[in-house]
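Structure first, then comments.
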Amino acid sequence: FDLVNETLNEIKVLCQPMRTGKTFESIKGGLPEARKQGKRWIIYTTPLTGIISQNEVLLQETCAENGAIYTNKPNDIIKHLNNGKTVASYVTNATCYVKWKNLDILSRVDISKVALIIDEMDYGSTSSSNNLEQNKAYKAKNFKGRMYGFASRIAKKSNFVVGLTATPSYEIKELFPTSGKVRYNLIKPLVEGEQKKYANRVGW
């Protein structure tokens, strides 16, 4: 996470093989690094509630170690931020990119102080329905690109918008441009042979 630079209008992507501790490190390393870079609301998102259940205690402990408050309640988040506290939240994609977008929660905070860490980010990362066919090989006119839209709104004012994946898509690899002004930047690509290095963990 110390690879995260100060550039705006980027969704920075870190790629590692599966079962190599991406989620663990995003919490233990990502939260303190985001704080070090001046972020006061660190949002973690993931597709599944089961992933949150597996890692929620770890995030709570990491918050306690780094002087942050863990909460997913929008009104409490705003109150703590207004009181000068650092807050961490851990929610599903549906909560963040649909529910919170509909609440327009970002209009109530200083976006430059927000960090967004997207786990399993290849899921839903296509920027719009226009890019869906060449990125995922299917069409869906009703595809909204909600993850990209929400992340882009933050990335325009905050440098700390980071995605984690073991399966970077063609769009993440920048084989073609995104549909918006915010680009993907693969700051830590997969390394050839790395999967073999971690084969015992992947098999387990």
Side-chain angles (χ1 to χ4, degrees), residues 1-14 22-23 26-27 29-47 52 59 63 68-82 84-128 131 144-165 168-169 171-172 174 177-188:
F1 281 91
D2 58 3
L3 296 173
V4 178
N5 58 46
E6 293 296 325
T7 308
L8 299 178
N9 293 308
E10 285 185 349
I11 299 171
K12 289 127 177 129
V13 184
L14 304 172
K22 292 188 296 296
T23 303
S26 73
I27 294 171
L31 190 147
E33 182 62 28
R35 284 210 69 193
K36 180 180 174 183
Q37 295 195 27
K39 307 310 171 190
R40 291 188 38 237
W41 184 21
I42 301 100
I43 307 169
Y44 289 86
T45 71
T46 187
I52 295 175
L59 180 54
C63 284
I69 297 168
Y70 174 73
T71 181
N72 299 326
K73 298 177 180 179
N75 287 336
D76 290 351
I77 292 166
I78 302 302
K79 287 177 183 177
H80 288 308
L81 292 176
N82 288 341
K85 306 296 184 183
T86 299
V87 178
S89 303
Y90 199 1
V91 294
T92 62
N93 292 349
T95 295
C96 186
Y97 308 128
V98 181
K99 185 177 179 180
W100 282 0
K101 179 183 180 295
N102 291 339
L103 291 174
D104 198 18
I105 194 169
L106 292 180
S107 68
R108 303 169 64 190
V109 302
D110 180 352
I111 295 178
S112 69
K113 303 293 185 183
V114 175
L116 177 64
I117 300 175
I118 308 167
D119 196 10
E120 305 290 349
M121 80 95 50
D122 189 50
Y123 179 87
S125 63
T126 307
S127 58
S128 77
N131 281 4
K144 306 288 187 186
R146 289 188 176 100
M147 175 187 289
Y148 176 82
F150 190 92
S152 293
R153 188 171 171 188
I154 298 173
K156 290 173 182 176
K157 295 185 178 182
S158 170
N159 66 298
F160 212 104
V161 179
V162 182
L164 309 173
T165 185
S169 68
E171 190 169 9
I172 289 172
E174 299 181 273
T178 62
S179 295
K181 293 182 179 180
V182 174
R183 62 182 283 260
Y184 287 113
N185 181 5
L186 198 52
I187 62 173
K188 198 285 178 190

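Basis for what follows: all heavy atoms, side chains included, without hydrogens, waters or symmetry-related copies. Owing to the predicted nature of the structure, the values given are computational and were not obtained by experimental measurement.
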**OP:** Start with the C-alpha gap between Ile42 and Thr86, add the side-chain angles, then the distance that decides, and say whether side chain to side chain contact (heavy atoms under 4.5 Å, CB included) holds.
**Re:** CA-CA 8 Å; Ile42 301 100; Thr86 299; 3.9 Å; yes
* **side chain to side chain contact (heavy atoms under 4.5 Å, CB included) evaluation trace for Glu33 with Val4** => CA-CA 9 Å; Glu33 182 62 28; Val4 178; 5.8 Å; no
I would like to know whether Ser89 and Trp41 meet side chain to side chain contact (heavy atoms under 4.5 Å, CB included); could you show each step before the answer? CA-CA 8 Å; Ser89 303; Trp41 184 21; 3.0 Å; yes
| said: I'd like to know whether Leu116 forms a side chain to side chain contact (heavy atoms under 4.5 Å, CB included) with Lys39, so could you lay out the CA-CA distance, the side-chain angles of the two residues, the decisive distance to 0.1 Å, and finally the verdict. | reply: CA-CA 10 Å; Leu116 177 64; Lys39 307 310 171 190; over 6 Å; no
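Across all their heavy atoms, Val114 and Ile43 have their closest contact at CG1-CD1, 3.8 Å. Nearest heavy-atom pair across Asn93 and Pro47 is ND2-CA, 3.6 Å. Closest of all the heavy-atom pairs between Thr23 and Ser26 is O-OG, 2.6 Å. Closest non-hydrogen pair, Ser152 versus Ile11, comes out as OG-CD1, 4.5 Å. For Asn72 against Pro74, the heavy-atom pair with the smallest separation is O-CD, 3.4 Å. Summarising the geometry of Ile154 relative to Leu106, their closest heavy-atom pair is CG1-CD1, 3.9 Å, with the distance given to 0.1 Å.
The salt bridge (Lys or Arg N to Asp or Glu O under 4.0 Å) check on Glu10 picks up Lys12, Arg183, with sequence neighbours excluded. Legend: residues meeting side chain to side chain donor-acceptor pair (under 3.5 Å) with Tyr44, ordered by chain and number and at least two apart, are absent.
Partner Thr45 forms a side-chain hydrogen bond (donor to acceptor under 3.5 Å, both in side chains) with one of Tyr97, Tyr90, Trp100 and no other, that one being Tyr97. Looking at Thr165, Val162, Leu186 one by one, the single match for side chain to side chain contact (heavy atoms under 4.5 Å, CB included) with Leu14 turns out to be Val162.
Asp104 has a carboxylate O that lies under 4.0 Å from a charged side-chain N of Arg153, or vice versa, which qualifies the two as a salt bridge.
Side-chain N or O atoms of Asn131 include none that pairs as donor or acceptor with a backbone N or O of Thr126 at under 3.5 Å. Although no hydrogens or angles enter the test, the distance criterion places no donor-acceptor pair under 3.5 Å between the side chain of Asn185 and the main chain of Asn9. Between the side chain of Lys101 and the backbone N or O of Thr95, no donor-acceptor pair lies under 3.5 Å. Listed for the Ser112 side chain is no donor-acceptor partner under 3.5 Å among the backbone atoms of Ser158. A distance-only check finds a donor-acceptor pair linking the side chain of Tyr184 to the backbone of Ser125 [under 3.5 Å]. A donor-acceptor distance shorter than 3.5 angstrom exists from the side chain of Glu171 to the backbone of Ser127, with no hydrogens or angles considered.
Within a 6.0 Å sphere centred on NZ of Lys157, heavy atoms belonging to other residues, nucleotides or ligands number 12 at most. Residue-environment remark: OH (Tyr123) stays at or below the threshold of 12 foreign heavy atoms within 6.0 Å. Residue Lys188 qualifies as enclosed at atom NZ: its count of foreign heavy atoms under 6.0 Å is above 12.
Counting only residues at least two apart or in different chains, ring pair (Phe, Tyr, Trp, His ring centres under 6.0 Å) contacts with residues 101-120 are absent.
If you take NZ on Lys181 and CG on Leu8, they are separated by 13.5 Å, rounding to the nearest 0.5 Å. Put simply, CG on Asp76 and OG1 on Thr71 are 4.5 Å apart, with the number rounded to the nearest 0.5 Å. Between the CD1 atom in Ile117 and the CG atom in Leu31 there is a gap of 7.0 Å [rounded to 0.5 Å]. To the nearest 0.5 Å, the span separating CD1 on Ile172 from CG on Asp122 amounts to 4.5 Å. The line from CD of Glu120 to CG of Leu164 is 8.5 Å long, rounded to the nearest 0.5 Å. Distance check, rounded to the nearest 0.5 Å: NZ of Lys113 to CZ of Phe160 gives 14.0 Å.
Side chains of Arg108 and Asn75 form a contact here, defined as non-hydrogen atoms less than 4.5 Å apart.
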